[in-house]
There are 2 protein chains.
Amino acid sequence: MRSSPGSVQSIDRVLEILETLSTAPLGMSLSDLAAATNLHVSTTHRLVNVLTEHGYALKDSSSGKYRLTLRTFEIGSRVSSVWNLLSAAKPHLDELAAECQEAVHLVERDGMGIVYLYKAEPFQQLVRMSSHVGLRNPMYCTGVGKSILSLLPQDEAEEIWNNEEIQTFTPNTITTFPDMIREMERIRARGYAIDDEEHEVGVRCIAAAIRNWAGNPVAAVSISAPVSRMDEATMQRLLPSLLRTVDEISRMLGHRA
Amino acid sequence: MRSSPGSVQSIDRVLEILETLSTAPLGMSLSDLAAATNLHVSTTHRLVNVLTEHGYALKDSSSGKYRLTLRTFEIGSRVSSVWNLLSAAKPHLDELAAECQEAVHLVERDGMGIVYLYKAEPFQQLVRMSSHVGLRNPMYCTGVGKSILSLLPQDEAEEIWNNEEIQTFTPNTITTFPDMIREMERIRARGYAIDDEEHEVGVRCIAAAIRNWAGNPVAAVSISAPVSRMDEATMQRLLPSLLRTVDEISRMLGHRA
DNA sequence: CTACAAATATCACATTATGAAAAAGAGGCT
DNA sequence: AGCCTCTTTTTCATAATGTGATATTTGTAG
């Protein structure tokens with residue numbers, strides 16, 4: 001009896017182990033791992049050993065705990081879209097960050113969410129921001145996400161909305177679909193999105209989408225700053241640079257306006 | 001009959017599929033994938049579907065080819081050592097790159113090799129260099145690798161050497177162990193390593209190791225440049241900054257001199 | 001419309017993964 | 001030391017699981 005069409009027990013389990021290990025910065029003992037995954041110790045041992053033999057995990061000789069090696073990092077960096085986007089975008093993003101003297105983010109759409117691919121920060125601008133390369137966030141609560149969402153076909157946007165577990169991160173978070181539809185119209189009308197403390201209190205950002213050769217919004221760029229430094233006037237001042245940057249990157253991906 | 005102790009066929013196979021897909025920037029059709037992995041189409045289909053259902057791969061609707069999503073990128077970025085090192089090192093590396101106006105690399109040791117974690121480049125300094133974040137290289141042919149190797153216990157260094165398939169990348173590549181032992185002594189004596197076109201013709205670099213709380217050389221930093229810009233005088237000029245940088249990072253990891 | 005190729009689904013079979021139980025290690029306490 | 005407890009590793013009989021030949025569907029080109 002197979003649980004669902006196209007499911008292989010041992011693989012389901014080993015992937016769960018991989019993901020569990022990835023969230024344990026200090027590593028996990030075999031029994032921790034078995035407890036966390038609800039697998040028998042014996043089974044866990046066998047599976048984590050397979051990961052070890054393939055170089056994905058190792059057993060720290062001093063602590064005796066299992067943790068991930070850089071193998072997943074290596075493979076993750078090879079994902080083609082990372083390459084394509086980063087090589088096209090990096091110089092532009094560094095330039096934008098230097099020009100604005102604020103943190104600049106590049107994200108790519110991945111399924112129902114977005115993943116941060118790059119973060120350019122001006123020197124010593126040490127504002128604590130929860131974003132970092134590799135982080136996955138939903139679309140509805142971030143400037144970058146909303147800018148992408150607004151350019152998708154309505155049914156696709158709705159599907160993404162419905163698949164998301166809507167959380168109220170701050171008082172400003174958009175939590176109903178009608179509100180989001182109005183927001184998406186505003187974004188399309190002005191050509192950029194604003195995240196006004198919708199995900200993190202105290203952080204405001206402006207964002208715009210990058211389009212590929214087919215015109216699809218595959219990625220986005222944002223400029224983020226504490227509200228104190230990001231008032232209406234500042235946003236208007238930074239906007240042209242942001243829009244120029246996403247245009248230049250879009251063109252490098254083959255987009256024709 | 002199990003092929004080797006601690007081996008699970010379906011997992012071995014799915015990992016091979018994952019790795020194969022990671023090297024195919026344009027994606028692969030099911031039959032391509034089956035051919036590349038020597039698996040039956042039917043089996044390949046089942047396994048790649050498991051990856052798809054877990055969000056690691058997707059089937060591009062226009063081309064019909066399978067490729068990896070950003071899931072591995074996401075998980076790879078969570079690997080704890082990446083976090084620890086990068087957060088400690090990033091500002092120092094950016095500063096070093098700005099100061100030297102040359103490309104700066106941060107690598108971490110992973111098993112028998114090194115993996116590039118970060119690359120800081122001064123503006124518009126577009127020299128083609130094969131290195132990029134996520135790349136894995138052997139130790140014997142890179143400055144960063146040699147600087148780490150030189151601080152390992154002799155038996156460990158020898159084990160790494162023996163496990164490596166030694167390739168002659170350039171006329172300067174060190175290809176015999178006695179030569180490497182002498183080189184390691186030189187590196188220990190002066191406190192830094194030089195890669196004098198040993199991996200790539202035309203690229204010279206200076207490198208030094210980062211030590212953790214236990215004194216182990218877990219990572220390294222290098223400054224790379226075309227030979228034309230990296231003569232003896234330049235190296236002597238850049239060295240203090242490099243050594244100061246690795247010292248600062250080592251201290252942040254708890255190393256006491 | 002037909003033919004061919006590629007992708008997906010089905011299913012009987014035995015190979016393969018499973019987990020109980022036993023063995024081997026690693027500390028901790030008297 | 002020696003004993004006890006907890007954790008990790010190995011073993012092995014069992015049947016549940018993954019396998020791949022075959023069938024079906026889908027897609028593409030002539």
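So you know, we letter chains A, B, ... as the sequences are listed, proteins then strands, and number each from 1.
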Colleague: Choose from C/dA20, D/dT19, D/dA21 the nucleotide whose nearest atom is closest to any side-chain atom of B/Arg13.
Modeller: D/dT19
Colleague: What is the per-nucleotide protein-contact pattern of nucleotides 24-30 of chain D, from the 5' end, where B denotes a base atom under 4.0 Å from a protein heavy atom, S denotes such proximity for sugar-phosphate atoms only, and - denotes neither?
Modeller: -------
Colleague: Specify the separation, in whole Å, of atom CG of B/Leu47 and atom C1' of C/dT8.
Modeller: 14 Å
Colleague: Do the side-chain N or O atoms of B/His40 get closer than 4.0 angstrom to the phosphate oxygens (OP1, OP2) of D/dA21?
Modeller: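 True: B/His40 side-chain N/O within range (under 4.0 Å) of D/dA21 OP1/OP2.
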Colleague: In whole angstrom, what separates A/Asn49's CG from D/dT9's C1'?
Modeller: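 Going from CG in A/Asn49 over to C1' in D/dT9 covers 9 Å.
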Colleague: Within the distance-only criterion (no hydrogens, no angle test), does the side chain of B/Asp110 pair as donor or acceptor with the backbone N or O of A/Leu70 below 3.5 angstrom?
Modeller: yes
Colleague: Compare every heavy atom of B/Thr23 with every heavy atom of A/Arg78, then report the nearest pair and how far apart it is.
Modeller: NH1-CG2, 3.8 Å
Colleague: Would you call the rings of B/His132 and A/Trp83 parallel, tilted or perpendicular, where under 30° means parallel and over 60° means perpendicular?
Modeller: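 If you compare the ring of B/His132 with that of A/Trp83, the planes turn out perpendicular.
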Colleague: May I have the step-by-step check of side chain to side chain donor-acceptor pair (under 3.5 Å) for B/Thr20 and B/Thr37, ending in yes or no?
Modeller: CA-CA 8 Å; B/Thr20 305; B/Thr37 52; over 6 Å; no
Colleague: Looking at A/Ala89 and A/Ile249, what are the two nearest heavy atoms and their distance?
Modeller: CB-CD1, 3.6 Å
Colleague: Between C1' on D/dA21 and CG on B/Leu39, what's the gap in Å once rounded to a whole number?
Modeller: 15 Å
Colleague: Let me test you: for the helix from C/dC1-D/dG30 to C/dT30-D/dA1, what is the angle between the axes at its two ends (five pairs each), rounded to 10 degrees?
Modeller: 40°
Colleague: Nearest to the side chain of A/Gln9 - D/dT10, C/dT18, C/dT16?
Modeller: C/dT18
Colleague: Identify the two heavy atoms, one from A/Tyr66 and one from A/Leu21, that lie closest to each other, and give their separation to 0.1 Å.
Modeller: O-CD2, 3.5 Å
Colleague: Which atom pair, heavy atoms only, marks the closest approach of B/Tyr140 to B/Gln167?
Modeller: OH-N, 2.7 Å
Colleague: Nearest of C/dT18, D/dG20, D/dT9 to any side-chain atom of A/Val41?
Modeller: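 Among C/dT18, D/dG20, D/dT9, the one nearest the side chain of A/Val41 is D/dT9.
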Colleague: Flag the pair B/Glu74 and B/Arg71 as a salt bridge only when some basic side-chain nitrogen lies within less than 4.0 angstrom of an acidic carboxylate oxygen.
Modeller: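 Salt bridge flag = yes for B/Arg71 with B/Glu74.
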Colleague: B/Ile11 has an atom CD1; how far is it from atom C1' of C/dT18, in whole Å?
Modeller: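 After rounding, the gap between these two atoms is 12 Å.
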Colleague: Backbone N or O of A/Arg188 within a donor-acceptor pair of the A/Ser150 side chain at under 3.5 Å?
Modeller: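 Judged by distance alone, no pair lies under 3.5 Å.
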Colleague: Mind checking whether B/Phe169 and B/His199 have parallel, tilted or perpendicular rings, split at 30° and 60°?
Modeller: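 Ring orientation of B/Phe169 relative to B/His199: perpendicular.
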Colleague: Which of residues 26-38 of chain A sit near DNA chain D, with a heavy atom under 4.0 Å from it?
Modeller: A/Ser29, A/Leu30, A/Ser31
Colleague: Salt bridge or not for A/Glu183 and A/Arg186, using N-O below 4.0 Å?
Modeller: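 Salt bridge present between A/Glu183 and A/Arg186.
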Colleague: It should be established whether B/Lys59 places a side-chain nitrogen or oxygen under 4.0 Å from OP1 or OP2 of nucleotide C/dA7.
Modeller: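 No, outside the criterion.
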Colleague: Working to the nearest 0.5 angstrom, can you tell me the gap between B/Met139 CE and B/Ile148 CD1?
Modeller: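 The distance works out to 5.5 Å.
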Colleague: Using a cut-off of less than 4.0 Å, is there contact between a side-chain N or O of B/Thr43 and OP1 or OP2 of D/dG20?
Modeller: yes
Colleague: For B/Ser42, answer base if it contacts any base atom (sugar-phosphate contacts may also be present), sugar-phosphate if it contacts only those atoms, and nothing otherwise; contact means non-hydrogen atoms under 4.0 Å.
Modeller: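 Touches a base.
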Colleague: For the side chain of B/Arg46, starting at C-beta, report the closest nucleotide among C/dG19, D/dG18, D/dT10.
Modeller: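 Ranking C/dG19, D/dG18, D/dT10 by closest atom to the B/Arg46 side chain puts D/dG18 first.
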Colleague: Does B/Tyr66 put a side-chain nitrogen or oxygen below 4.0 Å from OP1 or OP2 of C/dT8?
Modeller: yes
Colleague: Quick one: is B/His45 getting a side-chain N or O under 4.0 Å of the C/dT8 phosphate, OP1 or OP2?
Modeller: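 Yes, within the criterion.
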